[in-house]
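Below, chains carry the letters A, B, ... as their sequence lines are ordered, and counting in each starts from 1. Computed from a predicted structure; not experimentally measured.
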Amino acid sequence: MATKKKVLLKVIILGDTGVGKTSLMNQYVNKKFSNQYKATIGADFLTKELMVDDRVVTMQIWDTAGQERFQSLGVAFYRGADCCVLVYDVNVAKTFENLDSWRDEFLIQAGPRDPDNFPFVVLGNKIDMENQRVVSQKRAASWCQSKGNIPYFETSAKEAINVEQAFQTIARNAIKLDEGLVFPIPPGFQVQPEPTPAKTTCC
Amino acid sequence: MMNDSNNSDDNLSEELNSKLNIPSASYIEDISQLLSNIENGGVLGGVNNRPVRKHANQDTTSPEWFKHKKHFFIFSQSGKPIYSRYGDEVALNTFMASLSAMSSFVESQNDTLRYLVAGDFQFVFLHRPPLVLVCITKTKEPNSIIATQLEYAHSLIVSVLTQTTIKMCIEAKYDLRDLLGGTDKFIDSIIHTVDSDLSILLNSVQCLKLNSNLRNSLTNILSNHKSDQILFSILLSGNKLISLVKQKKSFQLKPQDVHVLMNSVSSTSSFKESESWIPICLPNFNDASYLHLYICYIYPDRDICILLFSAQADAFYQLSETKKAILKDIEETEGLADELKKAVQNHDYSINQTEVPHLLHFIYKCRPTQFSTYPIYSPPYSSKPEKKRLFRLYQHIVNRVNSSPQKFHKYFYHTSQHETVIVAIVGHHELYATFSPLEKKSTVFESFTLLLQWIKDNEQNLFLN
């Protein structure tokens with residue numbers, strides 16, 4: 001019975017407080033949105049199963065606290081991540097400007113083997129509040145391009161715009177990472193030849 | 001943690017290559033062949049269709065899941081699920097992520113989370129990078145004893161993959177479950193065993209009670225067939241050791257390795273049907289590499305099995321010949337085979353055979369050899385809950401007397417509602433003897449002395465010498 005290769009992806013969502021990380025995740029996993037703001041304490045975990053081509057993929061989503069005072073989970077938080085999602089609010093310039101430091105923070109803490117090609121995805125959230133927008137699509141897109149062509153999505157957790165597509169891309173990019181790995185078989189135990197065979201020993 | 005992992009795989013594999021002359025193309029084929037064998041039940045599994053595990057469909061949304069007394073979880077340090085005793089590990093992935101976040105939080109304060117208590121449950125964490133093992137239980141066992149149980153589960157995984165491979169896989173973000181396919185039942189089984197096995201509790205191996213002349217004949221036969229190919233020759237029946245011969249005196253076979261080995265052998269029914277040849281790692285012997293194990297049940301109806309370890313991957317036919325020669329010698333020694341079979345059938349002994357008055361039960365360990373012996377449970381320990389209760393009591397007492405290795409208690413006297421247990425840790429032995437709580441102290445001491453004498457008189461038959 002050949003079991004189909006199972007894929008489990010650890011996805012980390014980072015971004016300033018209040019940009020809608022939890023709302024995006026809730027919209028994606030639970031198809032729900034609430035206008036009420038509740039700060040995430042420490043971290044929250046959600047999971048979702050999806051299909052990418054013919055593979056069943058389980059996403060383990062680590063929703064983080066944007067508020068600095070809750071950011072105390074340490075290095076293990078980032079350890080072994082398969083994809084990092086950077087979220088900002090298109091209506092608040094500062095949240096966009098901070099993407100750089102979120103990205104750097106992640107790369108330092110997670111220390112991926114190939115930092116230049118580590119899969120990030122950027123989400124510009126809250127596009128439903130169009131008249132308040134301060135970060136243009138062009139500006140965001142050019143930042144993404146300058147960081148090695150990070151895929152960019154404009155989303156609304158409230159109106160479920162682009163959420164599904166964004167996470168599909170997140171999964172697809174994360175999978176690429178684990179393809180083409182080769183493992184050597186560990187060596188056999190080496191016995192040092194003994195000049196004269198020892199007399200029978202038993203315990 | 002991950003920082004120094006860059007390129008280390010490549011370096012390591014190159015290094016291994018040059019040492020071993022493994023052609024690089026053989027890597028992945030070998031592993032995947034091994035895997036498909038495991039999945040097909042060819043090497044390790046007994047059946048083609050893996051039976052569905054009990055409680056497999058439960059997760060944190062099912063009320064029944066919370067009712068299990070003792071949960072075990074294994075996940076990577078990054079929080080990716082590898083094993084859950086109850087329920088589907090993928091469905092429980094966020095639960096394990098939470099556990100890893102808890103230990104990560106403590107780690108970020110330069111500390112280590114070892115255990116915590118929440119309501120009726122105690123959480124015991126064992127960090128064996130890159131893996132984390134957690135037991136959540138309401139059985140009220142001592143934390144250090146549970147940590148040892150987690151250690152056994154970890155050893156089992158290392159025995160299947162080697163520590164080298166585990167590290168490489170996790171560093172490369174490869175899903176360990178792909179390599180562990182079908183190992184669930186071995187982990188299930190060792191978790192079950194560590195929760196009732198008295199020899200494991202004493203960090204020892206139980207020997208089959210056997211007439212010493214008989215045992216010597218068997219050991220001589222094994223010794224006569226020693227060769228450069230064979231690191232260890234072992235005869236066992238179920239989880240009891242009959243005889244053991246080492247190629248070199250310096251080779252240590254730790255009780256933990258022996259139990260992991262016994263677990264793997266006894267949980268695979270197909271080993272009874274033919275000669276088998278498997279790679280296995282003995283974690284305390286060498287956790288970086290595989291040994292090659294020849295397994296053959298010479299008397300399958302009596303569970304008597306011969307195990308020959310080799311460092312050579314191509315020694316199968318040679319070891320198979322060795323087995324034939326050993327078997328021939330056993331068969332040709334007058335009465336040996338019959339006596340052995342008879343002994344295996346009748347080796348269990350009860351407290352009555354010791355003729356020690358008032359004694360209810362005991363466990364004994366010979367410290368230098370790490371062999372142990374104990375009688376079967378007899379009344380009042382007839383029902384499962386009563387046996388378990390005595391086992392739990394022994395756990396607490398073992399924990400108490402050994403809690404400080406430098407200053408362990410030499411003598412220990414415990415009396416509670418159901419029993420009195422007297423312990424002596426003297427010189428080369430540990431003896432735990434159980435009596436009714438109503439016995440007078442003087443009676444207990446008297447019986448204890450008699451029991452020690454009985455063990456001494458029977459030492460030759462109770463243990464390998």
Side-chain angles (χ1 to χ4, degrees), chain A residues 1-3 5-10 12 42-49 56 58-62 64 71-82 108-115 174 177-178 180-194 197-203, chain B residues 1-3 5-6 13 16-17 19-20 22 27-28 30-31 36 39-40 48-50 76-81 90 93-94 97-98 100-101 104-105 107-108 162 164-165 168-169 172-175 177-178 181 219 223 226 231 243-246 248-249 286 288-291 311-313 369 464:
Chain A
M1 179 182 78
T3 39
K5 197 171 176 295
K6 310 159 221 169
V7 184
L8 188 126
L9 301 173
K10 175 172 173 176
I12 296 192
D44 203 354
F45 307 93
L46 278 178
T47 185
K48 173 138 172 151
E49 206 168 84
V56 183
T58 307
M59 260 205 235
Q60 181 189 62
I61 309 172
W62 292 53
T64 66
Q71 289 165 22
S72 50
L73 287 169
V75 64
F77 199 98
Y78 301 97
R79 190 155 46 196
D82 297 288
I108 291 164
Q109 296 271 12
R113 53 179 53 224
D114 183 6
L177 204 68
D178 78 6
L181 290 171
V182 176
F183 293 102
I185 289 184
F189 176 69
Q190 305 286 315
V191 190
Q192 305 304 321
E194 220 167 8
K199 188 85 191 98
T200 309
T201 48
C202 48
C203 62
Chain B
M1 233 133 285
M2 302 288 287
N3 294 344
S5 71
N6 295 357
S13 60
L16 297 181
N17 271 345
K19 263 193 195 149
L20 290 160
I22 300 176
Y27 293 173
I28 201 71
D30 284 354
I31 279 271
S36 75
E39 277 171 359
N40 292 329
N48 272 335
N49 295 314
R50 237 189 284 151
S76 70
Q77 280 177 316
S78 57
K80 292 186 186 176
V90 175
N93 84 74
T94 53
S98 310
S100 88
S104 161
F105 177 76
E107 193 185 318
S108 71
T162 75
T164 316
T165 304
M168 251 182 244
C169 284
K173 289 204 231 157
Y174 192 82
D175 197 328
R177 292 176 302 147
D178 292 337
T219 305
S223 300
K226 270 172 58 162
L231 303 173
S243 182
L244 164 70
V245 171
K246 300 187 275 189
K248 291 185 191 176
K249 208 171 186 174
N286 183 327
S289 58
Y290 281 123
L291 294 181
Q312 265 81 43
T369 58
L464 276 62

Query raised in the report: Would you say the side-chain atoms of B/Asn93 pair up with the backbone N or O of B/Pro81, donor to acceptor, closer than 3.5 Å?
Result: no
Report task. May I ask you to decide if A/Met59's main-chain N or O and A/Thr47's side chain share a donor-acceptor pair within less than 3.5 Å? Result -> yes
Query raised in the report: Side chain, backbone, both or neither: which part of B/Ala313 has an atom under 4.5 Å from a heavy atom of chain A?
Result: neither
Report task. Locate the shortest heavy-atom distance separating A/Gly80 from B/Ser78; write the atom from each residue and the value. Result -> CA-CB, 3.7 Å
**Report entry** Taking every non-hydrogen atom, the tightest pair across A/Leu9 and A/Ala174
**Finding:** CD1-CB, 3.8 Å
Report task. Answer with side chain, backbone, both or neither: which region of A/Ile61 has an atom nearer than 4.5 Å to a non-hydrogen atom of chain B? Result -> neither
Requested in this report: Please look at A/Thr58 and chain B and tell me whether the side chain, the backbone, both or neither of the residue comes under 4.5 angstrom of a heavy atom of that chain.
Outcome: side chain
